[in-house]
2 protein chains.
Amino acid sequence: MLDARKRQVLFAIVQDYIQTAEPIGSRTIAKRHSLGVSSATIRNEMADLEELGFLAQPHTSAGRIPSDRGYRFYVDAMEVLPVLTAVDAEIVKRQLGGILRGQQMMLDALARLVSSLTNYTSIVIGPQPHQARLKLMQVIPLDENRAVLMLVLDTGMVANEVITLPRGLTMCDLLAFCNYVNLNLAGTSLSKLKDMDFEAYAGHFHAGAQAVEQAMDSLIAGLSRSEGDRVVLGGATNIFNQPEFRDITKLRAIMRVLDEHELVLRLVTSAPSAGASVSIGAENAVEGLRDCSLITATYRLGGGQTGHISVLGPTRMEYARVIALLNYVTKLVSQA
Amino acid sequence: MLDARKRQVLFAIVQDYIQTAEPIGSRTIAKRHSLGVSSATIRNEMADLEELGFLAQPHTSAGRIPSDRGYRFYVDAMEVLPVLTAVDAEIVKRQLGGILRGQQMMLDALARLVSSLTNYTSIVIGPQPHQARLKLMQVIPLDENRAVLMLVLDTGMVANEVITLPRGLTMCDLLAFCNYVNLNLAGTSLSKLKDMDFEAYAGHFHAGAQAVEQAMDSLIAGLSRSEGDRVVLGGATNIFNQPEFRDITKLRAIMRVLDEHELVLRLVTSAPSAGASVSIGAENAVEGLRDCSLITATYRLGGGQTGHISVLGPTRMEYARVIALLNYVTKLVSQA
DNA sequence: TGTTAGCACTCGCCAGTGCTGAGTGCTAAC
DNA sequence: GTTAGCACTCAGCACTGGCGAGTGCTAACA
């Protein structure tokens, strides 16, 4: 597609621009990278690359910057997976060890780790136990008319809610209902539970059936939400440090996107799940991320649960390093 | 302290500046507020007010803007509590009703409500059950070597964690430990539990005592964290809309403060808890909030639990409206 | 004694100007 | 195919003068 020298020139520009955030001129390349040709030759190559759509010129007499397509070519050309420096790997291993030792995975600690290592904003999506099934329901009386309702899934996930007994519903009734659920619904999948009508099950109470129905719905909703809504951001303020976002309107657009967790969830989970996937600039479906790149990697826990870790930065992103990092982190998380 | 006309002039400037965010000139006041005197007289008053420290002049030939002290005087002078407009009250009542109906208080829904009504950033601090006591410990086996450990407090708060049985620790041992805890530690306060050494209690197991100790510590830490770490932000991006924060460095300073939840917690909880407390500009101990005002109100649930709702905005804030709103919201929350 | 009109003065803002330097594209020579 | 040289372009910067909003001061007035 591109001859060897064009690739060298393109890669030189991408790498320099990632470092400096300044348009790169032909003389700069001739000096900093020893390609063995003069700046004039590089100028010709650059003109060709621009015509092919790999480079862009902010204005007539400025240097060139990579276009989205240029970055795309650069990323695709990294046929060998970029490797992590030993230092980075050591840091990750040590810190991640601490995070994973606790039985519960701390999504926010994970997000913080990734963002502090990359200096970009990180997005962590918690695992979604699609196949989770009801293990046990429990009622724990607190006093005469309050009790904790509790649902436990076989994945170990727990939802609980305090219920105040409405008139006509006794603690005994509630315990009976609980027994009934345990006898008949243990092993039912979360998605089936979601569609279930508990008012019918609770129907043999004289009153208070709706209250029970309402509480159960809320519990199940809580469980399914804590399934999908597990979007955690890390280092959102790192965006402020990028010179391309010194313009406040761009910043605002990005922040607005990050605020909408459902949107973020869709964006991240729609990435192909093999290895680290990169979407550059306008490749992002969302208008506000037109100047951003998103790198997403997937981790897999036992039991078919999967989650994602993403890094959001400007298109001028340290692709190699971030990809290496995400691959490493997801590998370690998956092994835990 | 200030004669009637000086107060009128000061209040006029504060109110106009809150609306326009532009320095206010003497002619503007003479026209918009019918004080019955000419702009020249107002100029004299303004010069006096500046000398007294209530006003400031961005540069020689600009209008005046209120200083921190000016805002402070304005706020203190609202001896009658500002009232909420009927429209606002209606919105709050309807929306808050929905939020409070669910048994668990949804802190983030609350934060969203307050920020959407005020167009500022809101900070909600969840209730801290200082006096919470252990109600019950439970072990729910999931399979041969995994179980959910669960602690329930008398407030209805629940913490749970999946534990994988280490070598030498059987499910029976774990259940025995659980019984032991229930017999001996029910009714113990959370703060005491925090200092407790469970390894000793679990000591009659041949092995696995540390694993239990570790899990218990993590559970208790989780409970005390979900006690205090319940800092929820709403509408953080609203700050972007304020013209005074078009400068990105100020914005960054504020965001950095908001990112540190412990700092925010200290800041908000240190406010005097009677009514709505206002801290203006440099009154905020934190450097980054030098240009902000923070209005904090406290809500009280049953059982001595208290929490806070704050609104963070520029010093040029709609004090009256926000104070009225916070008073109303905290009243409704406290009644629920 | 307080209030007011008038006037000179200040200063931010804006548009226009000229200069500089970085970088390009083209051409002719190697 | 490569290179040196040169004319050209254009953003950025500093400087300028005019405009307008607003002030402070003074002298006259009630």
Side-chain angles (χ1 to χ4, degrees), chain A residues 2-10 12-17 19-67 70 243-244 246-247 316, chain B residues 2-10 12-17 19-67 70 243-244 246-247 316:
Chain A
L2 292 183
D3 65 49
R5 195 170 61 194
K6 279 201 175 45
R7 291 160 69 116
Q8 280 188 304
V9 172
L10 177 57
I13 291 176
V14 170
Q15 282 158 12
D16 281 16
Y17 186 65
Q19 293 304 320
T20 63
E22 299 281 322
I24 310 294
S26 53
R27 240 175 70 88
T28 319
I29 292 192
K31 261 194 284 183
R32 295 206 12 181
H33 302 257
S34 38
L35 299 187
V37 290
S38 79
S39 65
T41 307
I42 292 174
R43 270 204 292 285
N44 290 331
E45 299 289 22
M46 283 163 83
D48 291 352
L49 284 167
E50 182 171 0
E51 204 173 349
L52 291 167
F54 294 98
L55 296 179
Q57 213 171 5
H59 59 265
T60 325
S61 70
R64 303 302 210 292
I65 62 176
S67 65
E244 31 267 276
R246 229 173 304 152
D247 176 13
R316 182 185 65 79
Chain B
L2 292 183
D3 66 50
R5 194 169 62 195
K6 280 200 174 48
R7 291 160 71 117
Q8 280 187 305
V9 172
L10 176 57
I13 292 177
V14 170
Q15 281 159 12
D16 281 16
Y17 185 67
Q19 292 305 320
T20 63
E22 299 281 322
I24 310 295
S26 53
R27 240 175 69 89
T28 317
I29 291 192
K31 261 194 283 182
R32 295 205 14 179
H33 303 255
S34 39
L35 300 186
V37 291
S38 80
S39 65
T41 308
I42 292 174
R43 271 204 290 286
N44 290 329
E45 298 288 23
M46 283 163 81
D48 291 352
L49 284 168
E50 182 171 359
E51 203 174 350
L52 291 167
F54 293 101
L55 296 178
Q57 212 171 6
H59 59 265
T60 325
S61 70
R64 303 300 212 290
I65 62 176
S67 65
E244 32 265 277
R246 229 173 303 152
D247 176 13
R316 182 186 64 79

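Convention: sequence-line order gives letters A, B, ...; per-chain numbering from 1. Small disclaimer: the values here were computed from a predicted structure and weren't measured.
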(message) Please convert DNA chain C into dot-bracket. A pair counts if it is Watson-Crick or G-U wobble with both distances under 3.5 Å; crossing pairs go in [ ] and bases paired with another strand get |.
(response) ||||||||||||||||||||||||||||||

(message) Going by salt bridge (Lys or Arg N to Asp or Glu O under 4.0 Å), name the residues that satisfy it together with A:E22, two or more places apart in sequence or in a different chain.
(response) none

(message) I'd like to check the salt bridge (Lys or Arg N to Asp or Glu O under 4.0 Å) partners of B:R316; sequence neighbours left out, ordered by chain and number.
(response) B:E244

(request) For A:S38 and A:A40, indicate whether the former's side chain and the latter's backbone hold a donor-acceptor pair under 3.5 Å. (result) yes

(request) Could you name each residue pair satisfying ring pair (Phe, Tyr, Trp, His ring centres under 6.0 Å) that touches residues 33-58 of chain A, not counting sequence neighbours? (result) A:F54-A:F73

(message) I need the residues from residues 44-67 of chain A with at least one non-hydrogen atom less than 4.0 Å from DNA chain D; give them sorted by number, or say none.
(response) A:N44, A:H59, A:T60, A:S61

(message) By the 4.0 Å heavy-atom rule, please label B:S26 as base, sugar-phosphate, or nothing.
(response) sugar-phosphate

(request) Check side-chain hydrogen bond (donor to acceptor under 3.5 Å, both in side chains) between B:R5 and all other residues, then give those that pass, not counting sequence neighbours. (result) B:E45

(request) For A:R32, check side-chain hydrogen bond (donor to acceptor under 3.5 Å, both in side chains) against everything at least two apart and list the hits. (result) A:D16

(message) Base, sugar-phosphate or nothing for B:T41? Non-hydrogen atoms, less than 4.0 Å.
(response) base

(request) Could you tell me from which nucleotide to which nucleotide of DNA chain C, 5' to 3', there is an atom under 4.0 Å from chain B heavy atoms? (result) C:dT3 to C:dG12

(request) Using the test side-chain hydrogen bond (donor to acceptor under 3.5 Å, both in side chains), find all partners of B:D48 that sit at least two apart in sequence or belong to another chain. (result) B:K6

(request) Using the test side-chain hydrogen bond (donor to acceptor under 3.5 Å, both in side chains), find all partners of B:Q19 that sit at least two apart in sequence or belong to another chain. (result) none

(request) Scan residues 56-66 of chain B for pairs that pass side chain to side chain donor-acceptor pair (under 3.5 Å), counting only residues two or more places apart or in two chains. (result) B:E50-B:R64

(message) Just to verify, what does A:N44 make a side chain to side chain contact (heavy atoms under 4.5 Å, CB included) with, not counting sequence neighbours?
(response) none

